[in-house]
Amino acid sequence: MSEAIEVYEVEDRTFPPDPAFVAQANTNDRSFYEEADADYEAFWARQARELLTWDTDFHTTLEWDLPFAQWFVGGQLNVTANCLDRHVEAGNGDKIAYLWEGEPGDTRTITYAELLTEVKKFANVLKGLGLQKGDIAAVYMPMILELPIAMLACARIGVAHSVIFGGFSADAIIDRCDDAEAKVIITADGGYRKGAASALKPTVDAALAAGAPSIQNVIVANRCDLNPDMVEGRDHWWHDLMAAASDDCPAEPMDAEQLLYILYTSGTTSKPKGIMHTTGGYLAQTAFTHKFVFDIKPETDIYWCAADIGWVTGHSYIVYAPLTNGVTSVMYEGTPDTPHKGRFWEIIEKYKITQLYTAPTAIRMFMKWGVNEPDKFDLSSLRVIGTVGEPINPEAWMWYHEHIGGGNTPIVDTWWQTETGGHMISPLPGVTETKPGSACHAIPGVFAELVDDDGNVVERGGGYLTIARPWPAMLRGIWGDPDRYHETYWSRYEGRYFAGDGAKLDDDGYLWLLGRVDDVMNVSGHRISTTEVESALVDHSAVAEAAVVGANDELTGQAIIGYVILRGGSEPSKELGDEIRAHVGEKLGKIARPKTVVIVPDLPKTRSGKIMRRLLRDVADGRQLGDTTTLADPSVVAEIAAGAAAGSDED
Ligand code: PRX
């Protein structure tokens with residue numbers, strides 16, 4: 001078994017669903033599992049028909065030509081008609097779609113009818129700038145309502161969006177716009193982060209000054225009155241374009257396989273992959289999981305997914321699924337500690353939130369801040385609390401359970417990926433007896449199996465996580481690179497999707513996710529490729545060679561540690577190390593900046609010249625590395641040298 005797969009202690013604690021919860025749950029028995037096990041295509045077909053409104057019914061549920069899937073073939077639907085028009089037509093136009101909370105405390109609400117009008121108008125704005133079905137629009141925005149409006153406007157007219165996380169750098173914008181040949185960037189002057197306005201438009205300007213020639217127009221929403229430079233003929237204010245736009249824009253029926261969006265994610269090479277998601281299957285699975293994993297009651301619930309829309313969690317569970325299911329969502333602009341460390345709990349009390357969906361790294365941070373913060377607020381409205389993004393350690397699970405969930409609120413630990421589009425492994429809150437730290441079981445209609453190095457199915461114990469059959473919200477490919485799609489996901493184990501995660505099945509058949517088994521790090525639930533950071537390190541003029549590892553970190557799960565060899569003529573110093581760290585931050589965005597850069601005279605290599613990352617990881621795990629630069633102290637060198645001398649042939 002891979003060295004990355006280490007096995008957890010046996011966890012004995014179990015938490016059956018509360019009988020009162022079971023009695024009211026959207027699903028509370030094994031019938032979905034039984035139905036899906038008997039005929040999973042029929043199961044998904046039924047969900048797709050019940051949860052979505054189709055202009056034309058599909059004639060074939062699945063066409064599977066490995067690795068290419070088509071779901072709900074022949075069917076036609078419009079995503080925004082499902083998210084908006086049908087709720088308005090059903091008389092729910094006055095229902096609130098988003099309760100938006102700005103970081104400084106300013107608020108805005110938008111009803112389903114108002115959202116529909118804005119979406120139609122913005123769709124006309126895009127059309128007016130020449131965008132057509134099949135084009136791609138880049139979106140680089142803070143967490144403001146214009147962001148879902150922009151995404152939905154694209155979906156209404158068959159333009160695929162490519163949302164670029166607002167923390168990414170100019171280089172990241174260029175790479176993504178070039179790869180997708182995006183025609184427009186939709187952005188904002190800035191957004192509020194940690195108590196101050198943080199500018200975004202200058203990063204777009206820097207990107208466009210250096211590259212991204214496919215971009216013809218930039219649309220700028222005004223959030224912070226930052227008064228950015230506007231380039232005549234290229235840059236347009238959102239409000240000016242909207243003031244002149246018609247709100248007449250009927251929803252055009254789209255093929256079930258119409259490209260809905262591209263979202264870039266890190267792989268094991270330095271080039272991020274443009275993950276492609278399409279219309280019908282994506283919407284069916286996200287709507288299904290949202291309704292049944294979070295036990296959504298649209299009439300009464302106030303749901304909050306505290307992710308950023310720049311990641312897949314926000315795409316699926318802030319925008320598409322909640323709107324499809326017609327629930328009211330809270331959307332929060334800022335950070336959990338601004339203006340105070342009780343901000344999340346204050347928001348829950350204020351809006352009487354019923355579902356909270358957040359990440360283990362946030363929970364560990366809240367633990368550090370102490371129970372005093374949540375204890376100041378009334379959290380009794382919560383009915384289901386969820387986590388996503390990385391394994392949750394049992395201690396954090398128990399803290400969440402006791403201090404946020406009041407000891408009886410079901411926790412749903414949801415495993416999934418950018419590539420899977422929606423939840424894949426998760427408890428169902430009215431059905432599953434949970435164990436702290438386990439994502440429990442694959443959802444109905446998803447077939448997760450562990451395999452060993454040779455691809456044999458593992459019934460108990462550790463293995464590599466694979467998905468044995470296609471699923472509706474699965475990625476349809478990597479933009480522009482069908483070979484890489486096949487190679488990355490479908491070639492390692494025949495007929496199976498390889499997720500890149502290690503996992504364990506315990507004696508009761510519960511799944512325990514154990515983290516990535518490839519060169520992808522998981523820092524605060526964000527995927528970052530070691531190769532990408534290495535490329536950014538060697539891009540600095542003083543760096544000759546670099547190796548990056550993810551070391552264990554109590555708060556962020558993993559922390560990025562970069563080992564660098566300097567070029568001749570460069571003298572090691574703390575200042576230089578800090579400059580190198582900052583350089584990565586500028587190249588890739590702050591989230592990819594190494595926590596520590598260690599300047600070393602040499603890197604441990606195998607006889608065949610491959611860097612021995614395992615040794616570097618051990619070195620990083622074995623010592624307290626500070627938040628800055630560590631010069632190669634003799635013992636680090638000695639350890640590295642000793643390991644190199646041992647000559648292990650790690651690949
Ligand atoms: O390693 C797994 C981890 O996050 C990876 C997917 O990252 P990304 O595509 O950025 O999507 C994150 C949000 C869906 C997975 O390969 N991961 C995600 N959820 C969990 C998890 N690891 C353990 N438990 C989870 N619940």
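Hydrogens, waters and symmetry mates are skipped; everything else that's a heavy atom, side chains included, is used. Order of appearance sets the numbers: ligands from 1, and atoms from 1 within every ligand. Just so it is clear, the model here is predicted, and its values are computed rather than measured.
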Engineer: Among all the protein's non-hydrogen atoms, which is closest to atom 2 (C) of ligand 1, and how far away is it?
Structural biologist: Asp501 OD2, 2.9 Å

Engineer: Do me a favour and list the nearest non-hydrogen protein atom to atom 10 (O) of ligand 1 with residue, atom name and distance?
Structural biologist: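 The answer is Arg527 CD, 3.3 Å.
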
Engineer: Would you say the ring centers of His290 and Tyr303 fall short of 6.0 Å from each other?
Structural biologist: yes

Engineer: Could you list which atoms of ligand 1 come closer than 4.0 Å to a heavy atom of Val388?
Structural biologist: 13 (C), 14 (C)

Engineer: Ring centres under 6.0 Å, that's the criterion: do His441 and Tyr33 meet it?
Structural biologist: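 Ring centroids of His441 and Tyr33 are no less than 6.0 Å from each other.
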
Engineer: Between Ala439 and ligand 1, which residue portion shows a heavy-atom distance shorter than 4.0 Å: side chain, backbone, both, or neither?
Structural biologist: neither

Engineer: Compute the centroid of each ring, for His486 and then for Trp490, and state whether the two points are separated by less than 6.0 Å.
Structural biologist: no

Engineer: Cation-pi check, Arg176 to Phe168: give yes when NZ or CZ is under 6.0 Å from the six-membered ring centre and within 45° of the ring axis, no otherwise.
Structural biologist: yes

Engineer: Any non-hydrogen atom of Pro391 lying under 4.0 Å from ligand 1?
Structural biologist: yes

Engineer: Identify, for atom 9 (O) of ligand 1, the protein heavy atom at the shortest distance, and state residue, atom and that distance.
Structural biologist: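 The protein heavy atom lying closest is Thr418 OG1, 2.6 Å.
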
Engineer: Where does Asn522 meet ligand 1, judged by heavy-atom distances below 4.0 Å: at the side chain, the backbone, both, or neither?
Structural biologist: side chain

Engineer: Consider every N or O of Gly389 and every N or O of ligand 1, then say whether any pair is closer than 3.5 Å.
Structural biologist: yes

Engineer: Do the side-chain N and O atoms of Trp369 and Asp337 include a donor-acceptor pair separated by under 3.5 angstrom?
Structural biologist: no

Engineer: For atom 13 (C) of ligand 1, what's the nearest protein heavy-atom neighbour? Residue, atom name and distance, please.
Structural biologist: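 Atom 13 (C) of ligand 1 sits closest to the protein heavy atom Thr313 OG1, 3.4 Å.
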
Engineer: Quick one: does NZ or CZ of Arg476 land under 6.0 Å from the six-membered ring centre of Phe68, within 45 degrees of the ring axis?
Structural biologist: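 No cation-pi geometry.
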
Engineer: Does ligand 1 come near enough to Arg516 that some N or O of the ligand is less than 3.5 Å from an N or O of the residue?
Structural biologist: yes

Engineer: Centre of Tyr493's six-membered ring, under 6.0 Å away, within 45 degrees of the axis: is that where NZ or CZ of Arg496 sits?
Structural biologist: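 Geometry flag: not set, cation outside 6.0 Å or 45°.
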
Engineer: To the nearest 0.1 Å, how far is atom 24 (N) of ligand 1 from its closest protein heavy atom, and which atom is that?
Structural biologist: Glu390 O, 3.3 Å

Engineer: Quick one: side chains of residues 427-434, donor-acceptor pairs under 3.5 Å with protein atoms, not counting sequence neighbours, listed by atom name and distance.
Structural biologist:
unit_1 : atom_1 : unit_2 : atom_2 : d
Thr432 : OG1    : Leu428 : N      : 2.9
Thr432 : OG1    : Leu428 : O      : 3.2
Thr434 : OG1    : Phe15  : O      : 3.3

